[in-house]
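Just below is one structure, and these are the notes that go with it.
Note that the structure is predicted; figures quoted are calculated from it, not measured. Numbering starts at 1 and runs along the sequence shown.
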Amino acid sequence: MNTTIRIKLSFMMFLEFFIWGSWFVTLGTFLASNLHASGSETAAVFSTQSWGAIIAPFIIGLIADRYFNAEKILGILHLVGAFLMYQMYVSTDVTLFYSYVFGYMILYMPTLALVNSVSFNQMKDPEKEFANIRVWGTIGWILAGLSISYLFHWDSTEATAQGLLKNTFLLAGIAAFVLGIFSFTLPKTPPKVSDEKIKIGDIIGLDALKLLKDKNFAIFFVSSILICIPLAFYYQNAHPFLTEAGLENPTGKMAIGQISEALFLLLIPVFFTRFGFKKTILVGMLAWAIRYVLFAYGNAHELSFMLILGIALHGICYDFFFVSGQIYTNSKAGEKYKSAAQGLITLATYGVGMLIGFMVAGWITDNYKTLSGGVDWKMVWIIPAGIALAVFLIFALFFNDKSNSEKEVASI
């Protein structure tokens with residue numbers, strides 16, 4: 001891969017995740033402060049991510065992979081997305097806002113697969129080259145958070161009260177427009193699927209359901225869905241909680257989670273080799289419970305270190321469960337069902353699991369409203385901590401896979 005293409009792909013990844021990090025982190029706070037949304041309304045808005053994840057494979061499998069160059073459809077989706085971002089920026093009604101976010105997520109979630117397709121098409125050795133390109137996505141997300149807190153100050157108490165958080169949609173919209181135009185300059189990535197009749201089951205990975213006959217894989221599969229319930233609490237409630245707690249520059253501080261994610265990604269091969277899959281994934285599950293206990297009992301003053309530590313645990317929470325889970329799935333599926341299995345796990349977690357999680361998080365938040373109009377955050381965090389601990393115990397007791405951890409590491 002020559003230097004020009006490497007720079008183009010890196011810039012593409014940077015913008016792809018800069019866009020997401022620009023508005024999604026602060027979304028919960030925006031909905032509460034600007035649109036006065038209830039917990040269930042907030043849950044409905046966040047659940048658009050899950051619907052996007054469920055519908056995305058159909059857009060990729062039925063349209064993008066068969067008829068259009070990946071870079072062209074990437075450009076079109078982001079240009080339309082930029083228009084919807086502007087509509088979100090000017091929207092003042094939560095119902096109308098929901099329709100714009102829903103439309104946007106249906107368009108955005110397929111782009112996550114498209115940027116990978118464009119990248120892989122230019123690589124001779126993806127296992128060695130992809131990480132160096134993908135890391136720019138993490139840098140983009142981090143820079144978005146730092147910009148909101150330390151450059152624009154849109155998440156300060158005064159700015160939030162003035163409604164300035166809506167500017168995050170304008171920032172994301174501008175970045176989406178730039179990426180939309182830039183996409184047409186990316187290396188050509190023609191469709192690769194033949195004219196053979198494609199089955200819906202192939203798109204959503206139904207062939208991989210055969211893997212559920214394996215008791216251990218079935219336990220892992222169910223655990224993956226259940227652990228997404230506490231995960232949804234973080235995405236939906238962390239920023240509003242940190243803002244209400246009075247933590248300064250919450251968006252910038254939440255970027256610590258992405259820095260942690262990048263660092264712990266490097267440690268996964270070490271943990272796999274030394275401790276095996278089961279212990280690695282159990283550490284990830286336990287980290288969710290610990291992080292929420294830290295949120296429940298920490299504050300923005302003398303115990304602010306507990307909140308920061310809870311954010312920093314994101315790397316262990318996410319990487320040790322989701323990334324190691326993808327590696328485990330890859331090793332169990334074999335060559336025949338590899339793609340189908342990854343598609344099924346993605347559909348189960350980001351689709352079904354997160355959809356349930358957002359609904360539960362919204363219901364819990366609504367049920368722990370205080371008489372003063374605030375939220376009993378202690379209970380809002382203790383409950384997902386308990387769920388995460390329950391999943392940890394189920395997995396520890398019933399998962400007994402003795403497969404070779406070195407073989408799984410080789411698939412990283």
Side-chain angles (χ1 to χ4, degrees), residues 1-25 48-49 51-53 55-89 100-124 126 129-145 147 168-193 203 258 343 346 350:
M1 190 194 309
N2 65 46
T3 303
T4 302
I5 291 176
R6 185 180 292 108
I7 291 171
K8 281 188 172 184
L9 295 179
S10 298
F11 187 58
M12 171 192 72
M13 280 292 182
F14 176 87
L15 287 176
E16 175 74 14
F17 288 90
F18 180 91
I19 293 165
W20 202 358
S22 291
W23 69 280
F24 198 69
V25 176
T48 59
Q49 175 190 276
W51 289 117
I55 296 170
F58 295 94
I59 295 177
I60 298 298
L62 295 177
I63 302 173
D65 277 350
R66 295 178 71 79
Y67 303 112
F68 301 101
N69 279 22
E71 82 282 356
K72 289 181 179 178
I73 195 167
L74 179 69
I76 292 167
L77 291 176
H78 275 300
L79 288 174
V80 179
F83 170 76
L84 289 173
M85 269 292 161
Y86 180 75
Q87 297 304 315
M88 289 152 67
Y89 168 67
Y100 294 136
V101 181
F102 183 82
Y104 181 80
M105 278 304 198
I106 298 300
L107 299 178
Y108 179 80
M109 295 307 283
T111 68
L112 296 171
L114 288 170
V115 293
N116 288 346
S117 296
V118 172
S119 299
F120 288 137
N121 196 54
Q122 298 301 313
M123 295 176 184
K124 292 178 182 176
E129 296 176 276
F130 183 67
N132 293 329
I133 300 297
R134 175 58 182 83
V135 71
W136 284 97
T138 303
I139 292 170
W141 184 295
I142 291 168
L143 195 61
S147 298
T168 57
F169 303 109
L170 194 59
L171 178 66
I174 292 169
F177 181 78
V178 172
L179 181 52
I181 298 297
F182 179 74
S183 294
F184 292 98
T185 72
L186 290 168
K188 287 182 170 51
T189 310
K192 292 181 179 178
V193 175
I203 293 174
Q258 273 59 51
T346 300
Y350 285 98

### Query
Going through the distances and angles, do Phe24 and Thr168 end up as a side-chain contact (heavy atoms from CB on, under 4.5 Å)?
CA-CA 9 Å; Phe24 198 69; Thr168 57; over 6 Å; no
#### Entry: Ile133 and Met123: CA distance, side-chain angles, deciding distance, side-chain contact (heavy atoms from CB on, under 4.5 Å) verdict
CA-CA 10 Å; Ile133 300 297; Met123 295 176 184; 3.6 Å; yes
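Considering only heavy atoms from C-beta on, Ile55 comes within 4.5 Å of Ile106 through its side chain. In this structure, Phe169 and Tyr86 have side chains that are not in contact, with every pair of non-hydrogen atoms separated by 4.5 Å or more. Looking at heavy atoms from C-beta onward, Met12 lies out of side-chain contact with Trp136 at the 4.5 angstrom threshold. The shortest distance between side-chain heavy atoms of Phe18 and Trp141 does not fall below 4.5 Å.
If you take OG1 on Thr185 and CZ on Phe11, they are separated by 9.0 Å, rounding to the nearest 0.5 Å. Note that the CG atom of Asn121 and the CG atom of Asn116 stand 12.0 Å from one another [nearest 0.5 Å]. Note that CG of Leu112 and CG of Leu74 are 10.0 Å apart. Values are rounded to the nearest 0.5 Å. Atom OG of residue Ser10 and atom CG of residue Leu15 lie 11.0 Å apart, to the nearest 0.5 angstrom. With rounding to the nearest 0.5 Å, the separation of NE2 in His78 from CG in Leu107 is 9.5 Å. With rounding to the nearest 0.5 Å, the separation of OH in Tyr108 from OG1 in Thr48 is 12.5 Å.
Across all their heavy atoms, Thr189 and Ser117 have their closest contact at CG2-O, 3.9 Å. Closest non-hydrogen pair, Gly103 versus Leu84, comes out as C-CD1, 3.7 Å. The two atoms that bring Gly173 and Met85 nearest to each other are CA-CB, 3.6 Å, heavy atoms only. Closest of all the heavy-atom pairs between Ala70 and Val118 is CB-CG2, 3.9 Å. For the residue pair Gln122 and Lys188, the shortest heavy atom distance occurs at NE2-O, 4.0 Å. Scanning all heavy atoms of the two residues, the minimum distance from Ser22 to Leu171 falls at OG-CD2, 3.8 Å.
Checking each of Leu114, Val115, Leu186 against Glu71 for a side chain to side chain contact (heavy atoms under 4.5 Å, CB included) leaves exactly one that passes, namely Leu186.
Geometric assessment of Arg134 against the ring of Phe17 yields a positive cation-pi assignment under the 6.0 Å and 45° thresholds.
Here the side chain of Asn69 pairs no donor or acceptor atom with the backbone of Lys72 at under 3.5 angstrom. A distance-only check finds a donor-acceptor pair linking the side chain of Glu129 to the backbone of Lys124 [under 3.5 Å].
If you look at Tyr104 and Trp23, their ring centroids are closer than 6.0 Å. Between Phe120 and Phe130, the ring centre distance stays below 6.0 Å.
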